[in-house]
Every structure is written in structure tokens, then in C-alpha cells.
*Asks:* 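Below you'll find the structure I mean.
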Amino acid sequence: MAVDSNKLIIFDTTLRDGEQSPGASMTKDEKIRIARQLERLKVDIIEAGFAAASQGDFESIHAISGIIKNATVCSLSRANDKDIARAAEALAPAERKRIHTFLATSPLHMEKKLRMTPDQVFEQAKMAVRYARKFTDDIEFSPEDGSRSDIDFLCRVIEAVIKEGATTINFADTVGYAVPGLYGNMLKTLRERIPNSDKAVWSVHCHNDLGMAVANSLAGVMIGGARQVECTINGLGERAGNTALEEIVMAVRTRKDHFKLEIGVDTTQIVPTSKLVSQITGFAVQPNKSVVGANAFAHASGIHQDGVLKARDTYEIMRAEDVGWAANKIVLGKLSGRNAFKQRLEELGIKLESAADTDAAFIRFKELADRKSDIFDEDIMALVSDEQHSHE
Ligand code: KIV
Ligand code: ZN
């Protein structure tokens, strides 16, 4: 895909890299429920698992391949014939299927983990892609630990696998070592130096060890020209997790003026998907998590509440409803002002007789809020009952 394409492909790997989160393993039925929800979310590609990793993973990918109609289904596979054949078998029922094969290219991984020479890695990568092409023409190749690899060697391997038929090249920051400028520029250099680079879609795959997975992914898109982002719901994933889908999608949508890219995702399905993944894996979403955290659209300070009640744009850069929340929240507490208090009275259908009654109720509310951090609607109703009854 030429880099001037303005479509950003969303590749969801919640069911594969997300599941590599210690403690997040899922049953086949759970994976199917999530895959259906990812289809509702309208992601482009669902990486459903790693077929050769276990019988359970194989069966999950096979089942998902038979169910999902509106997304490409993908299986991960090491760069060997046995794994690739297993991936192809698992994906057989899929209308659109992708084999994603990977091989480490960094000096550290080649020498210490694979115990292979660079020439052996080069040959194996080519053979793997050539073999995978027998089953589908949608082949992704990932140079694992790509961001710590030698650029000359990367150029050599990537040029060769594209010649063998790889259609997506996924520049992996396997250990979350990258920083945005360097990562984006490395990708740009690769694309500039590899003569057949425009024959493939370039992808980013970042881990969050230094908290920069989303920033690195966006640098890969903006500086490097990547047009696929690999990501997971709630940023679930190995160690500190992967690039969070909801953050990428909402960054690109909210700052369309800057990114100028199209995404096919139905953003109103983001929160339902986040809740489903959290419920199935048992991984709670932190309250202050961007987009999907319980506080992401909650306003607690009086100044902010007053601003939002007058014009939401004052303190909201996106709408809660657009990502699947019912509404934003004005949280009443000790920082709240008179305006937010009056608004809540209205929402509760409470009409006080006079401004003096409202003032008295507001003073009691502030006293209560100093003692109690969570003020519920029941507290407000109890609080105003004196004023209401005094006029009966
Ligand atoms: O982090 C990584 O390198 C991976 C590859 C398999 C793409 O998950
Ligand atoms: Zn990964």
C-alpha cells in the first residue's frame, strides 16, 4: 500500500499478545465472545491466537475463523513449516485469512536466543514467507526485536521477504525500548532504503515498558509512514502491555486535523469492548485510564463543572457518548460549585421554593462533602428534605 493512503488499518491482537499478559488467559468461548465484539467494533484484523502454541489456541482460531465475516482473521506463527502449516489449518474456514510469521533480527536475540547466525536468520525468514504463501497471499512478517536490530541487516531481510511475497511488514518494538522520534525515523529510513518497500503495508507493534507504546506507534505512523497499528483493548499485553487500541483510535479521530487519516472503527463500541475484555480477563481498568477509565469523562472541580455546564468543549476534547459511555459525569464533592449542585437538583426533579433555600442546601452540601468523599443522589435528597418539608 502506498504511503499516501489515508486509511489506517487497525490490527487487534487482544486475543494473542493481549492473552500473553500473565493471568489473562481465555477459554475458547471467551475468545469467541471477544472476537464477535471486535467485529462489532469494526477492527480490520483480528489476531485470534498462536495456532501452534496449544490445542486450545488452535481450536479458538479455527472457531473464530468460521464465525467472523467482516474482519480478516490472523494467526501468529514462528518462522518454520510446522507452525505455518498449523496456522493455515486453523485459519482454513476464514473468508479472509492472514498468516503472521516472525523471526528475531536483533544481534542479542539471534546470538543468545536463536543461536543462529544472521545468514541463517536471513534464509529462514525467506523460507518461512515462501512457505506461508502456499496457503494465503496475505502474509505479515515481523522482525522480532526490530527496534534493537541493525538497520543494514533489517534492510536486507525485509527486502528479501517482500520479494518472497510478504504483504505487511511489522516493525516490532518487542521490549518497549523505542522512543518516538528514533522509532519513527528508523521506520522512515527502512522505507526509504528498501527498494521494494512500497510493495508492503508497514505496521507498528509497540510494547509499553516505558509507557510510550502509543506515542511510539503514532510516531511510526506520522514520521515513518506506517499504515497499520497493532494494538489491544485496554492496552492488555505481555509485561506492561501493548499499544492501547482506544487511545490510538481516539487520538487519530480527535486530532484528525493533524493525522488526516481514516479509521473504520465504530467508536461507540469502544467502552462495551473494554468492559467485556476487563470482565473476561479479570483485569480492572484503572479509573484514570484514557478513554475507557471510569473517570475519563468525569468532572470534579467546581471550575471545570461550571465550564462544562456552560459549554462542554471547555473541558472535553471528545464526547463520552462517542466512545460508548451513556454520558459524561459531574461528580459532586467538596470541590463542586453552586452551578453543578443546582444542575443535579434539576436532574433529580427537586424544586426548592426560593434562592435562599437553595443557598442553605448548598451550604449543607459543602459541609457534608468535607466529611464524605462520595456524595450520592440519596445524600442530596436527604439534604434538601428539610427545605422541602418546611414549606408543606
Ligand atoms: O512483540 C513482538 O515482537 C511480537 C511479535 C510476535 C510481533 O508480539
Ligand atoms: Zn508483541
Side-chain angles (χ1 to χ4, degrees), residues 10 12 14 17-18 21-24 34 37 41 176 179-180 206-219 229 231-255 258-259 265 267-309 311-337 340 343-344 369-370 372-377 379:
I10 299 297
D12 181 277
T14 306
D17 223 348
S21 227
I34 293 178
Q37 181 56 32
L41 181 64
V179 290
C206 300
H207 280 267
N208 210 26
D209 300 65
L210 293 173
M212 290 191 283
V214 169
N216 286 331
S217 300
L218 292 174
V229 176
C231 43
T232 59
I233 303 297
N234 301 337
L236 199 68
E238 185 96 41
R239 304 182 309 279
N242 288 54
T243 300
L245 178 146
E246 59 277 5
E247 296 179 21
I248 287 291
V249 168
M250 291 317 292
V252 171
R253 277 280 166 86
T254 307
R255 295 308 310 268
H258 175 64
F259 292 106
V265 166
T267 60
T268 62
Q269 292 297 323
I270 286 179
V271 168
T273 315
S274 161
K275 285 184 189 284
L276 181 68
V277 169
S278 168
Q279 181 217 321
I280 284 178
T281 58
F283 277 49
V285 175
Q286 73 195 58
N288 59 328
K289 167 84 179 60
S290 312
V291 185
V292 293
N295 290 349
F297 296 89
H299 305 281
S301 100
I303 294 167
H304 290 209
Q305 292 178 342
D306 181 51
V308 165
L309 291 172
R312 287 178 69 175
D313 294 354
T314 51
Y315 291 98
E316 290 183 1
I317 57 163
M318 47 191 164
R319 288 279 187 269
E321 297 85 336
D322 289 348
V323 297
W325 291 108
N328 63 354
K329 284 187 226 158
I330 300 288
V331 183
L332 290 189
K334 67 175 186 180
L335 302 174
S336 300
Q343 161 97 7
R344 181 61 54 86
D370 254 339
K372 189 171 185 289
S373 60
D374 292 325
I375 304 288
F376 300 110
D377 290 347
D379 295 319

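Basis for what follows: all heavy atoms, side chains included, without hydrogens, waters or symmetry-related copies. Position 1 is the first residue of the sequence; numbering continues from there.
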*Asks:* Give, for atom SG of C231 and atom CG of D17, the distance between the pair rounded to the nearest 0.5 Å.
*Replies:* 11.0 Å
*Asks:* Below 4.0 angstrom, N of the basic side chain to O of the carboxylate: do D322 and R253 qualify?
*Replies:* no
*Asks:* Are D377 and R344 close enough that some pair of their side-chain heavy atoms sits under 4.5 Å apart?
*Replies:* yes
*Asks:* Mind checking the CZ-CG spacing from R255 to L218? Nearest 0.5 Å is all I need.
*Replies:*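 The CZ atom of R255 sits 11.5 Å away from the CG atom of L218.
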*Asks:* Evaluate the side-chain proximity of V323 to E246: yes if any heavy-atom separation is below 4.5 Å, no if none is.
*Replies:* no
*Asks:* Would you call I270 and M250 a side-chain contact if the rule is heavy atoms closer than 4.5 Å?
*Replies:* yes
*Asks:* Within the 4.5 Å heavy-atom criterion, are C206 and N242 side-chain neighbours or not?
*Replies:*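 C206 vs N242: side chains apart.
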*Asks:* Quick check against the 3.5 Å criterion: does W325 have a side-chain atom that pairs as donor or acceptor with the backbone of V292?
*Replies:*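 Such a contact is absent between W325 side chain and V292 backbone.
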*Asks:* So, H207 versus N216: side-chain donor-acceptor pair below 3.5 Å or not?
*Replies:* no
*Asks:* If we ignore hydrogens and angles and just use 3.5 Å, is the side chain of K329 paired with the main-chain N or O of A296 as donor and acceptor?
*Replies:*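 No: the side chain of K329 does not pair with the backbone of A296.
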*Asks:* What is the minimum heavy-atom distance between S217 and I248, and which atoms define it?
*Replies:* CB-CD1, 3.8 Å
*Asks:* Can you tell me if T314 uses its side chain to pair, donor with acceptor, with the backbone of G307 under 3.5 Å?
*Replies:* yes
*Asks:* Looking at Q305 and V331, would you say the former's side chain and the latter's main chain have a donor-acceptor pair under 3.5 Å?
*Replies:*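 Confirmed, Q305 side chain pairs with V331 backbone.
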*Asks:* Using atom types as modelled and distance alone, determine if a side-chain donor or acceptor of D379 lies under 3.5 Å from a backbone N or O of I375.
*Replies:* no
*Asks:* Out of curiosity, I233 CD1 to K275 NZ, how far, rounded to the nearest 0.5 Å?
*Replies:* 13.5 Å
*Asks:* Say you draw a straight line from CG of N234 to CG of L276; how long is it, rounded to the nearest 0.5 Å?
*Replies:* 10.0 Å
*Asks:* Is S278 reaching over with its side chain to a backbone N or O of S274, donor-acceptor style, under 3.5 angstrom?
*Replies:* no
*Asks:* Does the distance from a Lys or Arg side-chain N to an Asp or Glu carboxylate O, for D313 and R319, drop under 4.0 Å?
*Replies:* yes
*Asks:* Would you kindly say whether N295 and N288 are connected by a side-chain donor-acceptor distance under 3.5 Å?
*Replies:*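 No pair is found: no donor N or O on one side chain lies under 3.5 Å from an acceptor on the other.
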*Asks:* Atom CG of L335 and atom OG of S301: how far apart are they, to the nearest 0.5 Å?
*Replies:*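 Result: 6.5 Å between the selected atoms.
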*Asks:* Answer yes or no: is there a donor N or O on one side and an acceptor on the other, between the side chain of T14 and the main chain of G18, under 3.5 Å?
*Replies:*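 Looks like no, no N/O pair under 3.5 Å.
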*Asks:* Nearest 0.5 Å, what's the CZ-OG1 distance between F259 and T254?
*Replies:* 9.5 Å
*Asks:* Kindly check if the number of other-residue, nucleotide or ligand heavy atoms within 6.0 Å of NZ (K289) is above 12?
*Replies:*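 It does: K289 NZ has more than 12 such atoms within range.
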*Asks:* Could you report the tightest heavy-atom contact between Q37 and P272, atom names first, then the distance?
*Replies:*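 Between these two residues, the closest heavy atoms are NE2-CB, 4.0 Å.
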